[in-house]
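For reference, the structure is listed below as structure tokens.
Worth saying up front: this structure is predicted, and the values here are computed from it rather than measured.
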Amino acid sequence: MSDPNGVVVIGGGLLGLASAWALNEQGYTVSVLDARDELAAATSYANAGMLTPSMADPWNSPGIWRSLLRYVGREQGPIVLRPRALPAYFSWGLRFLRHSAAAHHRRATRANLSLAMHSLHQFQRLREQVRFSYDLRTAGTSG
């Protein structure tokens, strides 16, 4: 018989483990599944598990269309747009560009910043409760 309060979290990185911890605190029985043998060995490792509220602005900033045109067909750059893929992304691309208007961008940046600050607060709370060992740095990305 299965546990009615059982939850499976797929992914043992920063987000998966934080979610598992929060679910466990709420009384759920949690199992974490990950494709790797070691936890946090994929995306969280590659991104160094960074929580960076200073990078809350979305990629589709006002004027992004100029950058998009500059990178079409180039394999190197912050945005890779292959001409053969453009037809499949046409409707998505129009929405992406429509939401690059200044008002949309400001609203999305504020929402992202709010989420980032909440995440930092929750992660601080988690660190105080769990007391796990890792290479914590709070000096930013350049220090």
Side-chain angles (χ1 to χ4, degrees), residues 4-143:
N5 288 324
V7 175
V8 175
V9 173
I10 299 174
L14 178 61
L15 184 60
L17 294 177
S19 298
W21 177 264
L23 288 164
N24 183 264
E25 274 191 324
Q26 293 176 29
Y28 291 93
T29 304
V30 182
S31 298
V32 177
L33 301 178
D34 197 277
R36 305 211 179 206
D37 292 333
E38 188 176 342
L39 294 174
T43 304
S44 290
Y45 178 80
N47 288 321
M50 291 189 326
L51 293 172
T52 5
S54 63
M55 298 175 164
D57 56 316
W59 280 19
N60 60 336
S61 59
I64 189 68
W65 64 270
R66 288 183 204 92
S67 294
L68 293 174
L69 289 177
R70 216 176 15 241
Y71 290 108
V72 169
R74 295 169 81 184
E75 289 297 318
Q76 300 298 320
I79 301 170
V80 177
L81 288 172
R82 294 181 181 91
R84 70 181 181 278
L86 291 178
Y89 289 106
F90 186 74
S91 65
W92 176 87
L94 288 177
R95 287 191 311 274
F96 181 83
L97 291 173
R98 186 175 63 244
H99 284 92
S100 70
H104 286 289
H105 190 262
R106 267 193 307 279
R107 191 168 40 255
T109 299
R110 284 188 194 113
N112 287 353
L113 179 59
S114 177
L115 177 60
M117 296 306 292
H118 176 74
S119 297
L120 283 174
H121 174 75
Q122 292 302 315
F123 194 63
Q124 172 65 34
R125 203 175 127 255
L126 180 64
R127 284 198 322 258
E128 291 168 0
Q129 291 176 354
V130 178
R131 303 265 184 215
F132 52 93
S133 175
Y134 66 105
D135 296 325
L136 172 65
R137 284 184 24 181
T138 58
T141 56
S142 63

Query raised in the report: Of the non-hydrogen atoms in N60 and H105, which two are nearest, and what is the gap between them?
Result: O-CD2, 3.4 Å

Query raised in the report: Closest heavy-atom contact between V32 and A20?
Result: CG2-CB, 3.7 Å

Query raised in the report: Can you tell me how far the OG1 atom of T29 sits from the CG atom of N24, to the nearest 0.5 Å?
Result: 7.5 Å

Query raised in the report: Going by the salt bridge (charged side-chain N to carboxylate O under 4.0 Å, His left out) test, which pairs reach into residues 7-32, not counting sequence neighbours?
Result: E25-R125

Query raised in the report: Mind checking what makes side chain to side chain contact (heavy atoms under 4.5 Å, CB included) contact with A111, not counting sequence neighbours?
Result: none

Query - Between OH on residue Y89 and CG on residue L94, distance to nearest 0.5 Å - result: 14.5 Å

Query raised in the report: So which pairs with a foot in residues 93-103 pass salt bridge (charged side-chain N to carboxylate O under 4.0 Å, His left out), sequence neighbours left out?
Result: none

Requested in this report: Identify the heavy atoms of F96 and W59 that sit nearest to each other, and give their distance.
Outcome: CZ-C, 4.2 Å

Query raised in the report: What residues, two or more places apart in sequence or in another chain, satisfy salt bridge (charged side-chain N to carboxylate O under 4.0 Å, His left out) together with R84?
Result: none

Query raised in the report: Which pair of heavy atoms, one from V9 and one from G16, lies closest together, and at what distance?
Result: CG1-O, 3.4 Å

**Report entry** Residues that E75 engages under salt bridge (charged side-chain N to carboxylate O under 4.0 Å, His left out), provided they are two or more places apart
**Finding:** R82

**Report entry** side chain to side chain contact (heavy atoms under 4.5 Å, CB included) partners for N5, two or more places apart
**Finding:** D3, Y28

Query - Sequence-distant partners of L126, side chain to side chain contact (heavy atoms under 4.5 Å, CB included), two or more places apart - result: A18, W21, F123, V130, F132

Requested in this report: Work out which heavy atom in A102 is nearest to a heavy atom in P62; give both atom names and the distance.
Outcome: CA-CG, 3.8 Å

Query raised in the report: Looking at residues at least two apart in the chain, or sitting in another chain, which of them share a side-chain hydrogen bond (donor to acceptor under 3.5 Å, both in side chains) with S67?
Result: R70

Query raised in the report: In Å and rounded to the nearest 0.5 Å, what is the CD1 to OG distance from I10 to S31?
Result: 11.0 Å

Query raised in the report: Would you find more than 12 non-hydrogen atoms of other residues, nucleotides or ligands less than 6.0 Å from I64 atom CD1?
Result: yes

Report task. State whether the side chain of S114 and the backbone N or O of R110 hold a donor-acceptor pair below 3.5 Å, judged by distance alone. Result -> no

Query raised in the report: Can you name the side chain to side chain contact (heavy atoms under 4.5 Å, CB included) partners of R107, sequence neighbours left out?
Result: H104

Report summary line: In short, salt bridge (charged side-chain N to carboxylate O under 4.0 Å, His left out) pairs touching residues 26-45 with sequence neighbours left out are none

Report task. Over all heavy atoms of both residues, which pair between P58 and T109 is shortest? Give the atoms and the distance, please. Result -> CD-OG1, 3.1 Å

Query raised in the report: What residues form a side-chain hydrogen bond (donor to acceptor under 3.5 Å, both in side chains) with Q124, not counting sequence neighbours?
Result: R127, E128

